[in-house]
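Here the structure is a predicted model, which is why all the values come from computation and not from measurement.
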Amino acid sequence: MTKPSLPELLHAAVEAVGGTERPGQVTMAESVAEAIDGGSHLLVQAGTGTGKSLGYLVPALAHGEPVVVATATLALQRQLVERDLPRTVEALHPLLRRRPQFAMLKGRSNYLCLHRLHEGVPQEADEGLFDQFEAAAPTSKLGQDLLRLRDWSDETETGDRDDLTPGVSDRAWSQVSVSSRECLGASKCAYGAECFAESARERAKLAEVIVTNHALLAIDAIEGAPVLPQHEVLIVDEAHELVSRVTGVATGELSPGQVNRAVRRSAKLVNEKIADQLQTAAETFERIMELALPGRLEEIPEDLGYALLALRDAARNTISAIGATRDKSVQDEDAVRKQALAAVESVHDVAERITNGSEWDVVWYERQDHRGGAAQRFSGASLRVAPMSVSGLLREKLFTDRSVVLASATLKLGGDFNGVGASLGLAPEGIAGTEGEAEELPVWKGIDVGSPFDYGKQGILYVAKHLARPSRDGTRGDMLDELTELIQASGGRTLGLFSSMRAAQSAAEELRSRIPEFPILLQGEETLGELIKNFAADPKTCLFGTLSLWQGVDVPGAGCQLVVMDKIPFPRPDDPLMSARQKAVEDNGGNGFMAVAATHAALLMAQGAGRLVRASGDRGVVAVLDPRLATARYGSYLKASLPEFWYTTDRNQVRRSLAAIDAAAKQTEG
């Protein structure tokens, strides 16, 4: 029997999911197959509506060898495992003459731990929590969540937190889960044979397609000990998120609360002298953190340096002492020791990383703002350390010994792939393989397969050129006037994307009093899922928010016909990591603003603008209430990163267009 062609396979898969075959999807599938067969690397931009999931799943399933697919969001992981993969596997089975296996794999803390569930939490601060299991009718929310988790443990086949509906609080979940450092190991655990996390790993070993997340992919790359099965092909979807997710995994943190937990957990396992040494070091560190002001530490202050050395040495001695301890009077001793070791090792590793120092690391104090009524107070400081760049790490760990395909609707910024490529450790396209340093850089190709949507006819990009330039902290009365008029013209139906939570809150408060006929939902006042559901249900409703809304809203149809960006979303000037990265580029003779700040803004704006047209019948306006997009030199770079909407700065024209779109939507609805 002849081997089925890729077009045949793609056609069968598209029919199975009830989709429509698109030219861009065919081009993508052929390019992915070529990269897999040739062991090369591919960056592919596939616009909304292309059907990019099938564009990489079909060649991956046809390959016949293990392929890892890493995504950024839970929504896409669910779509792949619950919809796309089951249907595609069944559709391809008659053609491939086999039924490829697929599996989901996440980090250990995402799975319910049976040992923790049945034996309790080995932590003195939380003793008594599990007594609520014995209560006939626990009244606290935590007690109710824990009882529901116990019942769920008898029903679930996966133990995966995301399969629990409705979900439970982070506090409740922490009582029934463990990190990889806290895990006893299947061979030492009484529940090892039934372990949900181990079962997931075993299923992944047998699968041809393993669906995971960016964070686990980063852990697999960074920590050296493999957590993913052997594979020669890696597909990264939502690849525009990869750098930030890898940076997050590579970031270390020390806070007084974290250090004090390590002290409490280890106290019963070491002698008094060692416990006192760690306690004293923790108290010294806490005193310094009480006075810490937010910002980057280009040099470690002397008092902090001494405190970190004391913390590192005390933690090292504690680790050695715990390792030598055997005390059968301690209930569930192995679990207690594991949890204590995990806490102390975390403190040791971060303290040692900062004291050792590296020109490639950025260290800073951070304070979390906490709002309470009209007053605002700081809720505590932490010390953080993150890599200046993860490009070298990705180049070494990601692009070696396997073919990598990176896919997203937004990879081409300013008209090419080089900005995103550089952040991934790739040389400018076409340069890799030449003499010099670029000789060591991976060879790759970038393709843009377009979108089935006619952006020029479906959408308008409006820049409010007449407004004053936004200042960092000033109120923008003219912007609020403009926003009010736009919402009125569009009849509601507005997604407001703001550069800060404070700006979103201020705008929501002001417009609720100005135009009460248009309900305004605000991020943070309800769960994101509930907000989006309510936004889509009522066409007069508006939804205001910040970062997660720029990337996480999918409301096709008339529910979202106006997407507003209050200003260009450059990073905050006082963002320690971004400003350090910008300075590093400038020190090497590059344009730090364009390489870091403008690239960051372009990516977010491209994602935000992508919220508008989600289906072939969608019509609407993306309004940018920042004149710099029309007047600044970098404006052309940012505009080149957006879909090719019809462009205008004419405020009267855009109001007429919005009114016409609103009237057409009402006619359809009525």
Is a side-chain donor or acceptor of [X] paired with a backbone partner of [Y] at a separation under 3.5 angstrom?
| X | Y | result |
| --- | --- | --- |
| S346 | A342 | no |
| R402 | L398 | yes |
| S403 | A35 | yes |
| W364 | D575 | no |
| R22 | S451 | no |
| Q45 | K412 | yes |

From CA spacing to verdict: side chain to side chain donor-acceptor pair (under 3.5 Å), S244, E241: CA-CA 6 Å; S244 65; E241 283 277 358; 3.3 Å; yes

Looking only at heavy atoms, what is the nearest atom pair of [X] and [Y], with distance?
| X | Y | result |
| --- | --- | --- |
| M388 | V362 | SD-CG2, 3.8 Å |
| D416 | N418 | OD1-N, 3.0 Å |
| I568 | D626 | N-OD2, 2.9 Å |
| T251 | A386 | OG1-CB, 3.4 Å |
| V385 | R353 | CG2-NE, 3.6 Å |
| P226 | D220 | CA-OD1, 3.3 Å |

Can you tell if the side chain of [X] reaches within under 4.5 Å of the side chain of [Y], non-hydrogen atoms only?
| X | Y | value |
| --- | --- | --- |
| V32 | V58 | no |
| L424 | V404 | no |
| S40 | W444 | no |
| K106 | D160 | yes |
| L383 | V363 | yes |
| V555 | R611 | no |

Verdict with supporting geometry, K52 and E238, salt bridge (charged side-chain N to carboxylate O under 4.0 Å, His left out): CA-CA 10 Å; K52 64 179 166 61; E238 302 172 308; over 6 Å; no

Candidate pair R384 and E366, rule salt bridge (charged side-chain N to carboxylate O under 4.0 Å, His left out), full reasoning: CA-CA 7 Å; R384 296 196 171 194; E366 184 163 301; 3.5 Å; yes

Pair Y647 and Y462, ring centroids less than 6.0 Å apart: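 Ring centres of Y462 and Y647 not closer than 6.0 Å.
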
From CA spacing to verdict: side chain to side chain donor-acceptor pair (under 3.5 Å), T50, Q25: CA-CA 6 Å; T50 303; Q25 186 184 55; over 6 Å; no

Mutual orientation of the aromatic rings belonging to Y634 and F570 [parallel < 30°, tilted 30-60°, perpendicular > 60°]: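 It falls in the perpendicular class, over 60°.
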
Any side-chain donor near an acceptor of the partner, D618 and Q458, under 3.5 Å: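 No, Q458 and D618 have no side-chain donor paired with an acceptor closer than 3.5 Å.
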
Residues in salt bridge (charged side-chain N to carboxylate O under 4.0 Å, His left out) contact with E202, at least two apart in sequence or another chain: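 With neighbours one apart ignored, the set is K205.
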
Step-by-step ring-ring contact (aromatic ring centres under 6.0 Å, His included) determination, F453 to F645: CA-CA 11 Å; F453 304 143; F645 296 127; over 10 Å; no

CA sep, side-chain torsions, deciding dist, call: L234, L217, side-chain contact (heavy atoms from CB on, under 4.5 Å): CA-CA 10 Å; L234 168 65; L217 177 64; 3.9 Å; yes

